[in-house]
Amino acid sequence: MNNKLTKVSLAAAIAAVSFGISQAQAADFNFTFAHVLIEETPNGQAALRFKEEVEEKSNGRISIEVLPAAQVGGDVEIIEQIQMGLVDIGIPPTATLGNFEPRMQILDLPFLLPDYDTMVEVLDGDVGREILDTLSDDNMYGVNFWGAGFRHITNNVRPIETPEDLAEVRMRTMQAPIIISTYENLGANATAMAFTEVYNGLQQGVVEGQENPLANIYTMRFYEVQDYLSLTNHAYHAYAAVMNQNAWDSLPEDLQQVMVEAFDNGRDASRELTLQDEGRILEEIEGEIAINEITDEARAAFIEASMPVHEEYKDIVTPELLHKVYDEVGIEY
């Protein structure tokens, strides 16, 4: 009996593997799409919509395997794997991409993009295209910008109402020099830490605060281990949708068009779902964490305090590119 069951189980396993292989072989192109977010986030949902659209509109010629929740590593590891062709598609934060292409850091300058409409105009326009094209030297094709909303600050020390309130706060940041520099300029003690380690870091007191858009603060439950949420809107948390350059070049023109349209729809979905979620999130967590907004006067003080970071990175992101963004957003120079 045991032998018979073993033979049946083995046959079933072989059949399942064979079916999986035949399914994969049915597509002309098989791509992996890796990211660090859990599927319940707006961008996690947008990635699944992207997969469905590509597979449907390519009539099965393209197959997309989505690997969420840092299954193959953090953002740095995913970018490295995209460069090597081990992963085909990703949506890493622009700040982390700055470790590979310094000009990508321009969008993470503090208080650069003042509002949602200006963000759309910059990221989806000619300047955004020029920023994406900087990735061509890094074996990546930048398609467009997804995003998770503007970033805010949480911490366990005090409400952040003025730049001075950040003094000596141990802030977790992404593995991104420009964000580390931002908090150091504002008097905080910045510590780079992988996204998946932040909850434990906050819970154990290794760090006292962090910055993220509301969707990430909610889905990662940071509000459970933080006392204060300050709605600073200090930087748009942009994700650059990128592909391995060879994978992109392998596609015929008609399938590239399918991919571009699906990437654009994924971008729009990520932004729309984020906007829908933000009001609900604030309502749900208001009893768990003290929430404060900053005044217009305080925002002006934050902008002034951030200018040294802009000056520090001017030559890194190039004055030409920075001035193009300044012209779009109305900053004088």
Side-chain angles (χ1 to χ4, degrees), residues 33 35 37 42-43 46-47 49-50 75 78-79 82 89-151 174 176 178-179 182 213 215 233-245 248 256-275 306 309-310 313-331 333:
F33 182 166
H35 61 81
L37 306 166
N43 285 272
R49 294 188 187 187
F50 167 83
D75 285 313
I78 289 172
I79 294 167
I82 291 172
I89 304 167
I91 46 171
T94 54
T96 310
L97 277 166
N99 291 296
F100 301 83
E101 170 45 64
R103 288 170 291 182
M104 287 298 297
Q105 298 174 97
I106 191 169
L107 296 176
D108 294 280
L109 287 169
F111 296 95
L112 177 66
L113 301 174
D115 53 53
Y116 182 89
D117 290 340
T118 304
M119 175 276 295
V120 171
E121 183 178 346
V122 173
L123 269 57
D124 299 351
D126 293 339
V127 175
R129 183 68 256 167
E130 186 171 343
I131 295 170
L132 288 166
D133 286 343
T134 64
L135 296 171
S136 61
D137 294 334
D138 300 282
N139 200 33
M140 288 181 282
Y141 176 70
V143 186
N144 61 10
F145 291 104
W146 295 23
F150 283 86
R151 293 201 292 267
M174 285 186 281
I178 195 168
I179 297 181
T182 294
N233 288 279
H234 57 276
Y236 186 74
H237 196 69
Y239 299 127
V242 299
M243 279 192 70
N244 170 271
Q245 186 68 56
W248 173 256
Q256 285 184 348
Q257 185 60 35
V258 167
M259 293 285 280
V260 167
E261 290 177 1
F263 270 118
D264 284 349
N265 289 331
R267 171 200 65 200
D268 295 344
S270 77
R271 294 176 184 173
E272 290 166 8
L273 290 170
T274 295
L275 289 173
S306 300
V309 184
H310 288 229
Y313 278 84
K314 180 176 69 175
D315 290 334
I316 296 173
V317 302
T318 74
E320 296 80 12
L321 195 54
L322 182 58
H323 291 164
K324 287 181 180 180
V325 177
Y326 280 175
D327 289 340
E328 292 282 337
V329 302
I331 294 178
Y333 54 91

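If you're wondering where the values come from, they're calculated on a predicted model, not measured in any experiment. These numbers come from the heavy atoms of this one structure, side chains and all, not from hydrogens, waters or symmetry mates.
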Checklist entry - Has the side chain of T96 got a donor or acceptor atom that lies under 3.5 Å from a matching backbone atom of P92? => result no
Item to check | Whether R129 side chain and V143 backbone form a donor-acceptor pair below 3.5 Å | outcome: yes
Next on the checklist: Pair L112, I331 - check side chain to side chain contact (heavy atoms under 4.5 Å, CB included), show working.
Outcome noted: CA-CA 8 Å; L112 177 66; I331 294 178; 4.1 Å; yes
Next on the checklist: Using 0.5 Å steps for rounding, measure from the CG atom of L322 to the CD atom of E320.
Outcome noted: 9.5 Å
Next on the checklist: With a 4.0 Å cut-off on N to O distance, would you call D133 and R103 a salt bridge?
Outcome noted: no
Checklist outcome for this item: Heavy-atom nearest pair, A95 first then D108, reads N-OD2, 3.0 Å
Checklist entry - Is any side-chain heavy atom of R151 less than 4.5 Å from a side-chain heavy atom of M174? => result yes
Checklist entry - Do F111 and N233 touch side chain to side chain, with heavy atoms closer than 4.5 Å? => result no
Item to check | Atom pair CD1/OG1 of I106 and T318 - distance to nearest 0.5 Å | outcome: 6.5 Å
Checklist entry - Hey, does F263 have a side-chain heavy atom less than 4.5 Å from the side chain of F145? => result no
Checklist entry - So do the side chains of N43 and I91 get within less than 4.5 Å of each other, counting heavy atoms only? => result yes
Checklist entry - Is there a side-chain contact between V329 and E121 (heavy atoms, below 4.5 Å)? => result no
Next on the checklist: For the backbone of I78 and the side chain of H35, can you confirm whether one donor and one acceptor N or O come within less than 3.5 Å of each other?
Outcome noted: no
Item to check | Partner set under ring-ring contact (aromatic ring centres under 6.0 Å, His included) for H234, not counting sequence neighbours | outcome: none
Checklist outcome for this item: So CD1 of I131 and CG of L97: to nearest 0.5 Å the spacing works out to 12.0 Å
Checklist entry - Do D268 and R49 sit within salt-bridge range, that is, some charged N less than 4.0 Å from a carboxylate O? => result no
Checklist entry - What are the two closest non-hydrogen atoms of G149 and P213, and how far apart are they? => result O-CB, 3.9 Å
Item to check | Residue from I178, V317, T134, N99 passing side chain to side chain contact (heavy atoms under 4.5 Å, CB included) with M104 | outcome: T134
Checklist entry - Between atom CZ of F100 and atom CG of N139, what is the distance when rounded to the nearest 0.5 Å? => result 12.5 Å
Next on the checklist: Give me the atom names and distance for the closest heavy-atom approach of P319 to D315.
Outcome noted: CG-OD1, 3.8 Å
Item to check | Electrostatic pair D327-K324, nearest N-O below 4.0 angstrom | outcome: no
Item to check | Distance in Å, L321 CG paired with Q105 CD, rounded so as to fall on 0.5 Å steps | outcome: 12.0 Å
Checklist entry - Any side-chain donor-acceptor pair under 3.5 Å between N144 and D264? => result yes
Checklist entry - How about M259 and F50: do any of their side-chain heavy atoms sit closer than 4.5 Å? => result yes
Checklist entry - What heavy-atom pair brings A269 and A46 nearest, and what distance separates the two atoms? => result CB-CB, 4.2 Å
Checklist entry - Within a strict 4.5 Å, meaning less than it, do heavy atoms of the M140 and I82 side chains meet? => result yes
Checklist entry - Of the non-hydrogen atoms in V242 and G142, which two are nearest, and what is the gap between them? => result CG1-CA, 4.2 Å
Checklist entry - Taking the six-membered ring for Trp, are Y326 and Y333 parallel (under 30°), tilted (30 to 60°) or perpendicular (over 60°)? => result tilted
Item to check | Derivation of the ring pair (Phe, Tyr, Trp, His ring centres under 6.0 Å) call for W146 and Y239 | outcome: CA-CA 5 Å; W146 295 23; Y239 299 127; 8.4 Å; no
Checklist entry - Do M119 and R271 have side-chain heavy atoms sitting under 4.5 Å apart? => result yes
Next on the checklist: I need the minimum non-hydrogen distance between L135 and E101, along with the two atoms involved.
Outcome noted: CD2-CB, 4.0 Å
Checklist outcome for this item: To the nearest 0.5 Å, atom CG of N244 lies from atom CG of D138 at 12.0 Å
